[in-house]
Number of protein chains: 2
Amino acid sequence: MISEKTIERLSLYRRILQQLRVEGKETIMSHELADLLHIKPAQVRRDIMQLGYSGIPNSGYRIRPLLESIANFLDSPLPQSAVLVGVGHLGLALLANFAGRWRQLAIRAAFDKDPAKVGHTFHGCRCYSMLDLQKVIVETKSIVGILAIPGEGAQSVSDLLVQSGISGILNFSPLRIKVPNSVFVEHVDLSTTFEKVSFFARRMKHYVEEEKWKIEHETDEGEYETLTTNQ
Amino acid sequence: MISEKTIERLSLYRRILQQLRVEGKETIMSHELADLLHIKPAQVRRDIMQLGYSGIPNSGYRIRPLLESIANFLDSPLPQSAVLVGVGHLGLALLANFAGRWRQLAIRAAFDKDPAKVGHTFHGCRCYSMLDLQKVIVETKSIVGILAIPGEGAQSVSDLLVQSGISGILNFSPLRIKVPNSVFVEHVDLSTTFEKVSFFARRMKHYVEEEKWKIEHETDEGEYETLTTNQ
DNA sequence: GTATAATTGTGAATTTATGAACAAATTATA
DNA sequence: TATAATTTGTTCATAAATTCACAATTATAC
């Protein structure tokens, strides 16, 4: 009923609106939000419509109640817990950025197969043995698992997470894990993302240089296709 | 003409095919690749068609030439360079994972405003002062900039990158930067990603519990909407 | 008050992405 | 050599996401 894209945008709206509120702003219009996100105003209105919140014609949306509507929609009444598997460089970075400061989704435990890490606390988060995975997940009532491990172990760890009752996985490993369709998976594949940016950067460069050439040579003939971008 | 989604999938195909090749596999059929990625065979065939590479009816695609076609399509003839801005936890993790081992897109330099970091080398990558940004980018002929800094400085650093001739930005900061449309931007927004996974994990859980309840109570009446997922 | 200008909410149109289905092609087999 | 079985390339159909465009509504100016 509600799409992933909409959820992502709502989360973004919230972050921006929170910032605007501390700056003292009280209302906002769809085209202002749209400009900040580089999307169209109609998209903003549609998203907000889905919350059931109504704006005021000719004056926009009142920020405070709009934020309440978003929170009401996105957040759980109770705080939710997540666990992190893999305390390598990436895992540490995630802990550093999100361990404490996360209202809704607290990372409550970390796991690593390296015995040297087990028992230690990283950025306020205790690291357990992989053997304790199921026990800790059940105890902390965690619903989300974050996979920050190399591809090799990803499927077996994913299976473990699912068995332990996890219902969402954020997968930073390069492997496309298989899960039952009662579990939500989000793949964040940094390798392919790099390749994508590299590819389009190169294309953009070529395109710009072609345009320059055309201008320098004053040739109007010869139509060029425009590029597909995400702007 | 070619979509971002297709580029992402081609990059994925490549990684999987490289693995299969070292395992000794010579040919692959669209449905095999499709199963590994949890997509439909028609999608695989369509993507490969766009490369201009043709498979063989009743026997599939020959892996080696297919890999060549993908490389030919995705990669630049010359290796390309990228720079990283922000050597915090996340920046370090990116360097650790991608600094050396990246065929196509080498991270050639890092920048940080912390004087304590400038002059040091992290995972084989030298850290420079922000003041040297433009100079180093021009010298290394870098076309991609990776932003791994907090939101506050993101826009001004982005402007600097663009001025210095960067044509693609991989933005890990929570700010939606504004760039001319001759520059490609990919946002990797970990906060919203967390929120999204958390949201759908909760929904999945509810859905599963509802289903259980329905089964336990043998009620066939009362239709429930199915969830929108990315499986 | 009334008129004017501006903004929302939303149906319709458009664009983009995915999926189904089948002819054409190729191999394997009898 | 001919027949059967299978997989590709591609067209047509469907679904999802976005954008347009405009009536309805509200604030503001006069």
Side-chain angles (χ1 to χ4, degrees), chain A residues 1-13 17 25-63 65-66 69-70 73 176 181 187 196 200 225-231, chain B residues 1-13 17 25-63 65-66 69-70 73 176 181 187 196 200 225-231:
Chain A
M1 190 212 170
I2 193 134
S3 77
E4 289 188 39
K5 298 256 176 93
T6 300
I7 297 298
E8 283 174 11
R9 283 190 299 264
L10 286 173
S11 168
L12 272 170
Y13 299 158
L17 290 171
K25 201 163 164 58
E26 304 240 320
T27 66
I28 192 160
M29 292 184 297
S30 59
H31 69 86
E32 296 180 273
L33 257 182
D35 289 348
L36 287 168
L37 290 170
H38 317 125
I39 58 178
K40 296 282 179 290
Q43 184 76 75
V44 173
R45 294 201 293 274
R46 219 179 254 299
D47 291 335
I48 291 176
M49 205 180 61
Q50 299 209 54
L51 296 172
Y53 181 74
S54 274
I56 302 151
N58 203 27
S59 79
Y61 301 91
R62 297 201 303 137
I63 291 180
L66 175 52
S69 290
I70 295 177
F73 191 88
R176 297 280 151 152
N181 63 6
H187 294 276
K196 183 169 89 168
F200 284 104
E225 297 164 336
T226 51
L227 292 171
T228 309
T229 80
N230 65 345
Q231 310 292 315
Chain B
M1 191 213 173
I2 193 136
S3 78
E4 289 189 40
K5 298 255 176 97
T6 300
I7 297 297
E8 284 173 11
R9 282 189 300 261
L10 286 173
S11 168
L12 271 170
Y13 299 158
L17 290 171
K25 202 162 163 56
E26 304 240 323
T27 65
I28 191 161
M29 291 183 297
S30 58
H31 68 86
E32 296 180 272
L33 258 182
D35 289 347
L36 287 168
L37 289 169
H38 316 124
I39 59 179
K40 293 286 180 286
Q43 184 75 72
V44 173
R45 294 201 295 274
R46 208 197 291 286
D47 290 335
I48 291 176
M49 204 180 60
Q50 299 208 53
L51 296 174
Y53 181 74
S54 275
I56 301 152
N58 202 27
S59 81
Y61 301 91
R62 296 202 301 137
I63 292 180
L66 176 53
S69 290
I70 296 176
F73 191 88
R176 297 281 151 150
N181 63 7
H187 296 276
K196 184 170 87 166
F200 283 105
E225 297 164 336
T226 50
L227 292 171
T228 308
T229 79
N230 63 347
Q231 309 294 317

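The figures here come from the full heavy-atom set of this structure, side chains too, leaving out hydrogens, waters and symmetry mates. So you know, we letter chains A, B, ... as the sequences are listed, proteins then strands, and number each from 1. Note that the coordinates shown come from a computational prediction; the quantities given were computed from them, not determined experimentally.
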From [atom1] of [X] over to [atom2] of [N], roughly how many Å is that when rounded to an integer?
X	N	atom1	atom2	result
A:Glu4	C:dT18	CD	P	12 Å
B:His38	C:dT18	NE2	C1'	17 Å
B:Gln43	C:dA21	CD	C1'	16 Å
B:Gln50	D:dT8	CD	P	17 Å
B:Leu66	D:dG9	CG	C1'	15 Å
A:Arg62	D:dA27	CZ	P	11 Å
B:Lys40	C:dA17	NZ	C1'	14 Å
A:Lys5	C:dT18	NZ	P	9 Å

* Give a yes or no on whether the backbone of B:Pro65 and the side-chain of B:Ser69 come within a donor-acceptor separation of less than 3.5 Å. => yes
* Structure fact -> Across all chains, not counting sequence neighbours, the ring pair (Phe, Tyr, Trp, His ring centres under 6.0 Å) partners of A:Tyr53 are none
* B:Arg45: what forms a salt bridge (Lys or Arg N to Asp or Glu O under 4.0 Å) with it, not counting sequence neighbours? ->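 B:Arg45 satisfies salt bridge (Lys or Arg N to Asp or Glu O under 4.0 Å) with no residue once adjacent residues are dropped.
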* Partner set under salt bridge (Lys or Arg N to Asp or Glu O under 4.0 Å) for B:Lys25, not counting sequence neighbours ->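 By the salt bridge (Lys or Arg N to Asp or Glu O under 4.0 Å) rule, B:Lys25 matches B:Glu32.
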* Structure fact -> Sequence neighbours excluded, the answer for side-chain contact (heavy atoms from CB on, under 4.5 Å) partners of B:Ile56 is B:Ser59, B:Arg62
* Set of side-chain contact (heavy atoms from CB on, under 4.5 Å) partners for A:Ser54, sequence neighbours left out ->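 Partners of A:Ser54 under the side-chain contact (heavy atoms from CB on, under 4.5 Å) test: none.
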* Nucleotide paired to C:dA30 in any strand shown, Watson-Crick or G-U, under 3.5 Å -> D:dT1
* Structure fact -> B/S/- along nucleotides 4-12 of chain C (protein heavy atoms under 4.0 Å) is -BBBBBBBB
